[in-house]
2 protein chains.
Amino acid sequence: MAPTPSTPGPAYAYAYPRPAVATDVVILRLHARGLQALLVRRGGEPFLGRWALPGGFLQETEDLDACARRETEEETGVRPGRILQFANFSRPDRDPRGRVISVAYLALIRAEDVRLEAGTDAAEAAWRGLDAARDLAFDHDLILASALERLSAEVRADPAFVLPLLPPAFTLARLQSAVEVVLGRPVDKRNFRKQVEESGRIVALDAFERGAHRPARLFASAPGPEA
Amino acid sequence: MAPTPSTPGPAYAYAYPRPAVATDVVILRLHARGLQALLVRRGGEPFLGRWALPGGFLQETEDLDACARRETEEETGVRPGRILQFANFSRPDRDPRGRVISVAYLALIRAEDVRLEAGTDAAEAAWRGLDAARDLAFDHDLILASALERLSAEVRADPAFVLPLLPPAFTLARLQSAVEVVLGRPVDKRNFRKQVEESGRIVALDAFERGAHRPARLFASAPGPEA
DNA sequence: ACAAAAGTGTTTTATATACACCCATGT
DNA sequence: ACATGGGTGTATATAAAACACTTTTGT
């Protein structure tokens with residue numbers, strides 16, 4: 001989260017109390033054999049030293065989508081392709097400092113694009129496997145769980161939803177693996193290829209990935225509708 | 001929308017500017033042969049005299065869901081069964097009075113439960129067919145369109161989503177009609193009955209509705225999972 | 001008897017699932 | 001030649017879609 005708005009600067013006065021408005025972003029990348037969430041370590045009270053989701057307060061000149069995008073880029077150096085506002089968390093007592101409502105976003109980014117392990121914004125940031133991302137500050141356990149639930153639903157409805165996790169050119173094996181990671185279960189290779197090739201969401205490239213085996217055809221996400 | 005927070009009461013001061021936070025609620029009921037949205041006529045500037053979605057500012061003691069519920073109940077006298085937060089509208093310039101972010105909700109209510117045509121809150125309120133609900137104040141045309149898009153998607157995924165629009169006991173014909181109204185296209189009667197009866201989302205009652213024709217079996221929404 | 005809406009099955013089509021072997025390359 | 005992952009097809013099961021007549025009541 002961004003720094004507490006408690007420093008005595010120029011005061012902004014209103015006739016009615018107003019909550020502080022922040023976005024918290026569940027930023028996920030694909031690493032080795034699993035999803036990782038970006039967490040930042042809190043440098044102040046409350047929850048000092050605890051891990052939390054990256055987030056920050058809404059600025060005067062941006063809307064909430066832009067705020068979530070900005071936070072994502074600040075923390076990772078990556079401009080996210082798509083973000084999804086999936087819930088809000090706004091219980092009056094969720095932040096002991098005072099009223100802060102959180103509009104929650106999900107951002108999927110390419111691991112390959114990440115420049116820095118820790119962003120410039122937070123004192124410390126780390127990518128954590130989902131099993132290790134527990135006991136977070138505030139209600140962030142809840143936010144993370146809610147994000148994963150929504151992610152799974154989106155991917156069930158459309159496997160191509162995971163595309164932003166992958167590099168511009170990818171093999172079907174990698175796409176399938178991403179889907180399996182998100183769904184938490186294996187999917188049939190032949191059926192998967194049929195579905196995704198017929199979906200029109202990806203296009204075959206005239207390029208191949210080479211390795212200690214037969215070269216694998218590369219694909220890219222199709223332009224237009226959704227990517 | 002609720003009154004503008006501009007009266008010079010006790011001032012609330014903050015170190016950083018804060019947006020006002022409101023919920024706007026697309027409240028839909030089923031009337032005759034179509035959906036109607038509840039609109040309220042604005043009693044002040046800006047957009048004086050224009051129709052708008054009901055909405056109001058977040059109170060200190062409630063979360064956003066509660067705010068949307070409260071607004072719905074204030075305007076209609078009906079406690080909505082389910083509400084869905086489907087988007088937010090937060091462009092800095094969306095309200096000429098100043099920064100107001102809107103968290104948008106969809107509420108489906110039973111026409112039969114509505115006590116008052118106009119709620120106590122707004123100067124004037126009216127139910128409008130969706131074709132007539134145009135040229136609304138602020139960005140409310142956009143909010144309404146977005147709500148209807150989401151509603152349609154939900155109903156395609158699960159026809160039982162429309163249940164809150166219906167009375168506690170309803171015929172399959174009325175349920176089907178509600179789905180058709182939302183989707184904007186007819187659905188096959190036999191297929192519809194099969195699907196919905198097998199879905200487990202409704203239960204048959206030992207009661208019938210009588211009219212100038214063969215009595216129709218009444219159903220109720222099933223308890224538990226979703227209703 | 002007639003009008004009006006309720007209720008009911010089967011066929012066809014599309015989609016989802018299950019399943020196993022050969023292919024192309026690097027070592 | 002062997003190891004590694006890439007690539008392919010068919011048969012079955014399930015779900016979706018198309019389609020028309022009989023039943024029950026009120027008038």
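Being a predicted model, the structure only gives us computed values, none of them experimental. Lettering follows sequence order; numbering is per chain, from 1.
Using a 4.0 Å cut-off between charged side-chain N and carboxylate O, B/Arg70 and B/Glu74 make a salt bridge. Between B/Asp24 and B/Arg94, at least one side-chain N (NZ, or NE/NH1/NH2) sits under 4.0 Å from a carboxylate O, which counts as a salt bridge. Using a 4.0 Å cut-off between charged nitrogen and carboxylate oxygen, B/Arg217 and B/Asp206 count as a salt-bridge pair. Between B/Arg69 and B/Glu75, none of the side-chain N atoms (NZ, or NE/NH1/NH2) sits under 4.0 Å from a carboxylate O, so this pair counts as no salt bridge.
B/Arg110 places none of its side-chain heavy atoms less than 4.5 Å from the side chain of B/Val78. When side chains are defined from C-beta on, B/Arg29 does not count as touching B/Leu35, because their heavy atoms never get closer than 4.5 Å.
Along DNA chain C, the stretch of nucleotides lying under 4.0 Å from any heavy atom of chain A spans, 5' to 3', C/dT17 to C/dG26.
Proximity of the aromatic rings of A/Phe86 and A/Tyr105 is defined here by a centroid distance below 6.0 angstrom, and this criterion is not met.
Nearest heavy-atom pair, B/Ile27 versus B/Trp127, reported as atom, atom and distance to 0.1 Å: O-CZ3, 3.7 Å.
Side-chain contact check for A/Arg150 and A/Ser146: no donor-acceptor pair (N or O, by modelled atom type) lies under 3.5 Å. A side-chain donor-acceptor contact under 3.5 Å links B/Asn88 and A/Gln85.
As rounded to whole Å, 15 Å separates atom P of D/dA13 from atom CG of A/Asn191. The separation between A/Glu197 atom CD and D/dT8 atom C1' is 10 Å, rounded to whole Å. Remark: C1' of D/dT14 and CD of B/Gln195 are 14 Å apart, rounded to the nearest angstrom. Atom CZ of A/Phe192 is separated from atom C1' of D/dG9 by 18 Å (rounded to the nearest Å).
Judged by the 6.0 Å distance and 45° axis criteria, B/Arg42 is not positioned over the aromatic ring of B/Trp51.
DNA chain D is contacted by A/Ala173, A/Lys189, A/Arg190 of residues 165-190 of chain A, taking any non-hydrogen atom closer than 4.0 Å.
Using a 4.0 Å heavy-atom cutoff across all strands shown, B/Arg193 reaches at least one base atom of the nucleic acid.
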Using atom names, set out every protein N or O paired with an N or O of nucleotides 23-26 of chain D below 3.5 Å, distance rounded to 0.1 Å.
unit_1 : atom_1 : unit_2   : atom_2 : d
D/dT23 : O2     : B/Arg214 : NH1    : 3.1
D/dT24 : O2     : B/Arg214 : N      : 3.2
D/dT25 : O3'    : B/Arg210 : NH2    : 3.4
D/dG26 : OP1    : B/Arg210 : NH2    : 3.3

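Remark: the B/Lys194 side chain and the D/dT14 base include no donor-acceptor N/O pair separated by less than 3.5 Å.
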